[in-house]
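Have a look at the structure below, then the notes.
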Amino acid sequence: MSKSDLEKRTVMSPDGEPIEINPLQDYFCDAHPKVHEPVLPIFEKFLNWARSESLWVLGFGTGCGAIEMRPLMTPRFDAYRFGIQWRPTPRQSSVFIISGYLSVKTLKRVIRSYEQMQNPKFVIALGSCTINGGMYWDSYNTIKRLDHYLPVDVYIAGCMPRPEAILAGFEKLKELIRQGKGEGANLYAQNFDWYKANQKKIIKDWDMPDYNW
Amino acid sequence: MQFELKHITYGLLTLFIVLNYGLILQGIMPKIAARVGRRYGIRWYQPYIDIIKNHAKRSKITHGIMYYLGPVFRLSGGIGLLMFMPVIFGSPYFGNFSFAGDLTLVLYFQFFGVLGMALGAGESGHPHSAIGVSRGLSQVTALELPLTLGVISIAMQYGTLRIADIVAAQQGGIMNWTIFTNPFAGAALMLSFLGSMGRAPFDVVLAPQEIPIGPPTEYHSGFLGILQLNRAIFPVAKLILFMNLLYGGATSWPELFIKTFFIYLWSVFVGVAFPRFRVDQSVRWFLGVPLLFGIIAILLI
């Protein structure tokens, strides 16, 4: 789909009647995300335990750190035994790993994928690039601080962090979820305008709906 | 069939036992496959946690009525297949709702879930769901041919379409089992069974790292939870069907567990030993040797 397909235009219907279409409004919902309050604490505690023991990772390697996630699936580190599994679609996953530097072009895709994930969802930021830009600190084309654009739950520092460090990061994330601190999705909904303003400051050619789920 | 309230209770009990057995199998079988790859693999109770987590998701979105009905169709296909089969041979209650022509109905139910899925995925509006569904449906259609030929051969052999009668005819020793008395039908059935279990080499239609993972791409939260419940019930229902048709049925629950476990293991063994087929390759494969066995079984009987 090219950018011109998304523009508002008038087309001829098969009956010969001109109709006006606006793809961004017709095909996408631009309603703001909602805050979903946790249920009763005693249930929430149990549900949080289940969420922490079943982390489904979105298989989306954004930067060079994606190569460090592959050993986690193989016999040496085998993350499956900790309840960590890889899913191919954002709809089904609950953890988004931003693996390393994030170029402006990728940020767009990351935002779309993140917004398609269902609440509660968690973000792990991998490598120094996501904290302060790392070795790309003066690059014209990468973002410097990830948490200006998405709510981050756990940072794993390093360039690149080894698989052991990533496993430790997962353990930390589990701890946070069990304590009820994994509320990134609600944070995103509460500060939606701030996050959107930051994202639009970076992405110059914004050709997608504001919130696309 | 005399209908009593007790039948509903025992039907629900059957469902409960089969659901738990299916979930445990779902945990153990990937573990066995992982051990072949020298990994520890998932924990055996992981499927339980996954289902709880999926139902615990706070938000879900919908794409319309058929999107809701897809998982419901699928689940009712699994439960229907289970309910219309005699689960425990000779038991007045765990025969559930089996009746004189249940073999035909069971064959129909095999296809029911996939069709429901196709309807639901079509409504999700996902551009790849049509590819996923058509790949899945073409493979299921191909594997139905040897399956149906084998089943017809068995029905002709015993002169009945009632599963309970087929089981009854196999009692009295291992050599009375259909797999020995009608080996060609048995071979056709066991080869088509490999495809219907959705494991390698026939799991490209569901392969988790493919771009279109097939019909469930858009399903999430509670919808996916329902699909997972069916993924526990449906394989066990199929295992019970194959046990009834080929391996003399079961007269008690422990016997059922042992027999179905080993039938399931057959597909796991093949799965870890062979790489994946593409869909066109698997369709061609099903129309080759398994179909030949099915035709021989029909001709010989």
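No more than 12 heavy-atom neighbours from other residues, nucleotides or ligands sit within 6.0 angstrom of CZ on B/Phe269. By the neighbour-count criterion of 12 heavy atoms within 6.0 Å, atom CD1 of A/Ile42 is sparsely surrounded, having that number or fewer from other residues, nucleotides or ligands. For NZ of A/Lys200, the number of neighbouring non-hydrogen atoms (other residues, nucleotides, ligands) closer than 6.0 Å is greater than 12. Counting non-hydrogen atoms of other residues, nucleotides and ligands closer than 6.0 Å to CG of B/Leu265 gives a total above 12. Counting non-hydrogen atoms of other residues, nucleotides and ligands closer than 6.0 Å to CG of B/Leu13 gives a total above 12. Residue B/Arg199 places its CZ atom among more than 12 non-hydrogen atoms of other residues, nucleotides or ligands, all under 6.0 Å distant.
Put simply, the side chain of A/Arg81 never gets that close to the backbone of B/Arg43: no donor and acceptor are under 3.5 Å apart.
Using a 4.0 Å cut-off between charged nitrogen and carboxylate oxygen, B/Lys53 and A/Glu53 do not count as a salt-bridge pair.
If you measure heavy-atom distances from A/Phe82 to chain B, the contacts under 4.5 Å come from the backbone alone. With a 4.5 Å cut-off on non-hydrogen atoms, A/Glu37 touches chain B through its backbone but not through its side chain. Within the 4.5 angstrom heavy-atom criterion, no atom of A/Pro90 approaches chain B.
Residue-level contacts of residues 181-189 of chain A with chain B, in order of numbering, are A/Glu183, A/Asn186; threshold 4.5 Å between heavy atoms.
The CD atom of A/Gln118 lies 10.5 Å from the CG atom of B/Asn54; values are rounded to the nearest 0.5 Å. Expressed to the nearest 0.5 Å, how far NZ of A/Lys121 lies from OG of B/Ser59 amounts to 7.0 Å. The line from OG1 of A/Thr74 to CZ of B/Arg38 is 13.5 Å long, rounded to the nearest 0.5 Å.
In terms of heavy atoms, B/Gly41 sits closest to A/Asp78 at N-OD2, 3.1 Å. Here the closest non-hydrogen pair linking B/Asp50 and A/Ser54 is OD1-OG, 2.6 Å. The minimum heavy-atom distance linking B/Lys57 with A/Ser94 is given by the pair NZ-CB, 3.5 Å. Counting all heavy atoms, side chain and backbone alike, A/Pro75 lies closest to B/Gly37 at CG-O, 3.3 Å.
Residues A/Thr89 and B/His220 have side chains not in contact (no heavy-atom distance under 4.5 Å, counting atoms from C-beta outward). Between A/Arg91 and B/Tyr219 there is no side-chain heavy-atom pair separated by less than 4.5 Å.
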Name the atoms and distances for all side-chain donor-acceptor pairs under 3.5 Å in residues 27-35 of chain B, with sequence neighbours left out.
from, atom 1, to, atom 2, distance (Å)
B/Lys31, NZ, B/Tyr40, O, 3.2
B/Lys31, NZ, B/Ile42, O, 3.3

